[in-house]
Protein chains: 2
Amino acid sequence: MPKLGAKPIRKAALINAAILEVGRAGSLDVTVAQIARRAGMSPALAHHYFGSKEQIFLAAMAYILRVYGQTVAQGLPGQGPRGRLDAIIAASFAPINFQRETVSAWLNFYALALTSPQAARLLRVYHLRLRSNLVVALRGLVPDPLQVAGTLGALIDGVYLRAVLTPGPIDASAALRVVQTYLDEALT
Amino acid sequence: MPKLGAKPIRKAALINAAILEVGRAGSLDVTVAQIARRAGMSPALAHHYFGSKEQIFLAAMAYILRVYGQTVAQGLPGQGPRGRLDAIIAASFAPINFQRETVSAWLNFYALALTSPQAARLLRVYHLRLRSNLVVALRGLVPDPLQVAGTLGALIDGVYLRAVLTPGPIDASAALRVVQTYLDEALT
DNA sequence: CCGGTTCTTGATTGGTCAGTCAATTAAGTC
DNA sequence: GACTTAATTGACTGACCAATCAAGAACCGG
């Protein structure tokens, strides 16, 4: 039943399935067959659309980063100085981004950046944009925006890391509180 | 040439080689053959001593954590309240622990904790001990030692993460500075 | 309804690798 | 110097898997 225009739908399904499978497995050792089956198609089709397993992973990683970026952008406008900071931080722990499977996948894609130059590039872009957003939002509120932005970024990553490595359900509000408490201290 | 008592030597060599190979590759996708060859023996011998690839990884992970613990313990005695904090933090960025291969291996072993319950257990013990150390050292210096200890732990992890994910030589002193700056703020 | 395009998969292939086993070597022991 | 025990490896296997390919199925425009 070849409905035309299946390409974007299939690709989206594969990306979704890849995130889910990597997140569930907690590892990049996931077969293309697993991903394809989860997305409701044959492994051959997955190769047809993406060409290779790594391309699937890269697309999934880009997707996670893009969704995160959109969440930030959505919260940014208006708000005023402190409101922008809160929006950026809140985006990091919004339900869409802060689910076990997503965060687990995120960690594994981070590790992928050690291996794949393309993954490293994606990550660098994301890091730079996050930092830039933070620096702008911090300007005027704090003597050294660059330094605070760096600390905030690292702290967010660390909190992510610990959230996914701690057994039991992940606690977004506790994570958010840690970052906000730091920010309150830094702003005085 | 079977010299007796080879077991501990062989095991140590394998652990070392595993850390090096995983660190270099930036991935747990390292063959037993690679590790064994790097350690100067046949793959069969590696299996003979460890039984499985996962056991090699777990031993390597335990080794990294043990070395870190020893570095902390070495710096702890005497020093006074603030000195103890500095000792714990300094241990995290001491040259022995803070080398690219080691940190890269560390990141991958963290990811392993998502898969292997034993790895998760190792990590939990390490997290608890670190936190306990920090809480004791912070007592009296800060209104809420538990909270500051949690933030410090997360921040250290995040700084590690970013250090290894940033291309170019890793900068221990910059990493140390970030954490110390936070601590200075928290102590006021 | 025909030729082209897109979609789809079963079957296959080529390669890789963890783990096993049988056999060999060289100590130590009495 | 026979026996035990530790050390060591080459060869093998059983499984798994990414990627390919050829062929079938359904839509389209003319």
Side-chain angles (χ1 to χ4, degrees), chain A residues 1-22 24-61 105 108-109 111-112 115-119, chain B residues 1-22 24-61 105 108-109 111-112 115-119:
Chain A
M1 327 81 178
K3 288 149 191 156
L4 291 202
K7 193 159 164 175
I9 297 164
R10 293 303 202 180
K11 281 188 137 185
L14 283 167
I15 287 173
N16 242 321
I19 293 171
L20 202 111
E21 287 293 319
V22 169
R24 272 215 208 296
S27 153
L28 294 179
D29 269 335
V30 182
T31 68
V32 173
Q34 275 172 49
I35 296 172
R37 211 157 302 151
R38 170 83 55 183
M41 71 195 78
S42 75
L45 197 53
H47 274 102
H48 174 66
Y49 281 125
F50 277 103
S52 80
K53 186 172 161 177
E54 188 175 16
Q55 290 305 314
I56 299 178
F57 283 160
L58 288 173
M61 187 173 172
N108 280 285
F109 291 144
L112 181 63
T115 310
S116 154
Q118 297 194 59
Chain B
M1 325 82 173
K3 284 151 190 153
L4 291 203
K7 193 159 164 175
I9 297 164
R10 292 303 201 180
K11 281 188 135 186
L14 283 168
I15 286 172
N16 242 323
I19 293 171
L20 202 109
E21 288 294 319
V22 169
R24 272 216 209 294
S27 152
L28 295 179
D29 270 335
V30 182
T31 67
V32 173
Q34 274 172 48
I35 297 172
R37 211 158 302 151
R38 171 81 57 180
M41 71 195 78
S42 74
L45 197 54
H47 275 103
H48 175 67
Y49 282 127
F50 276 102
S52 79
K53 187 172 159 176
E54 187 175 18
Q55 291 304 314
I56 299 178
F57 284 159
L58 288 173
M61 188 174 172
N108 280 285
F109 290 144
L112 181 63
T115 309
S116 154
Q118 298 194 59

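Keep in mind that this is a model prediction, so the values were computed, not measured.
- Across all strands, A:Ser42 comes closer than 4.0 Å to base atoms (heavy-atom distances).
- Side-chain contact check for A:Arg38 versus A:Ile35: every heavy-atom pair is 4.5 Å or farther apart.
- Judged by a 6.0 Å distance limit and a 45° cone about the ring axis, B:Lys11 is positioned over the six-membered ring of B:Phe50.
- Taking atom CD of residue B:Gln55 and atom C1' of nucleotide C:dA18, one finds them 14 Å apart after rounding to whole Å.
- Ranking D:dT20, C:dG19, D:dT8 by closeness to the A:His47 side chain, first place goes to D:dT20.
- Summary of the strand contacts: B:Pro8 and A:Gly51 both lie near DNA chain D, and taking for each the nucleotide with the nearest heavy atom, the more 5' one is attributed to B:Pro8.
- For C:dT6, the OP1/OP2 oxygens have no side-chain nitrogen or oxygen of A:Arg10 closer than 4.0 Å.
- The side chain of A:Thr31 lies closest to D:dC17 when the candidates are D:dA19, D:dC17, D:dT8.
- Between the CD atom of A:Gln34 and the P atom of D:dA18 there is a distance of 9 Å, rounded to whole Å.
- When rounded to the nearest whole Å, the span between CZ of B:Phe57 and P of C:dG19 equals 10 Å.
- In this structure, the CG atom of A:Leu14 is 15 Å from the C1' atom of D:dA19, given to the nearest Å.
- Counting only heavy atoms from C-beta outward, the side chains of B:Arg24 and B:Gln34 never approach each other to under 4.5 Å.
- Nearest nucleotide to the side chain of A:Ser52, out of D:dA19, C:dC21, D:dA7: D:dA19.
- The side chain of A:Met41 sits closest to C:dT9 out of D:dT8, C:dT9, C:dA18.
- Atom CG in B:Asp29 sits about 13 Å away from atom C1' in C:dA18, given to the nearest Å.
- Residues A:Asn108 and A:Phe57 are not in side-chain contact: their nearest non-hydrogen atoms beyond the backbone lie 4.5 Å or more apart.
- Going from atom NZ of B:Lys7 over to atom P of D:dA7 covers 7 Å, rounded to whole Å.
- Residue A:Ala44 places its side chain closer to C:dG10 than to any other of D:dA18, C:dG10, C:dA18.
- When each of C:dT9, C:dT8, C:dC17 is scored by its nearest atom to the side-chain atoms of A:His48, the top-ranked nucleotide is C:dT8.
- Here C:dC17 presents its C1' atom at 12 Å from CD1 of B:Ile35, a figure rounded to the nearest Å.
- Within 4.0 Å of B:Tyr49, counting heavy atoms only, lie sugar-phosphate atoms of the nucleic acid but no base atom.
- Atom NZ of A:Lys53 and atom OG1 of A:Thr31 lie 7.0 Å apart (nearest 0.5 Å).
- In this structure, the CZ atom of A:Arg37 is 12 Å from the C1' atom of C:dT9, given to the nearest Å.
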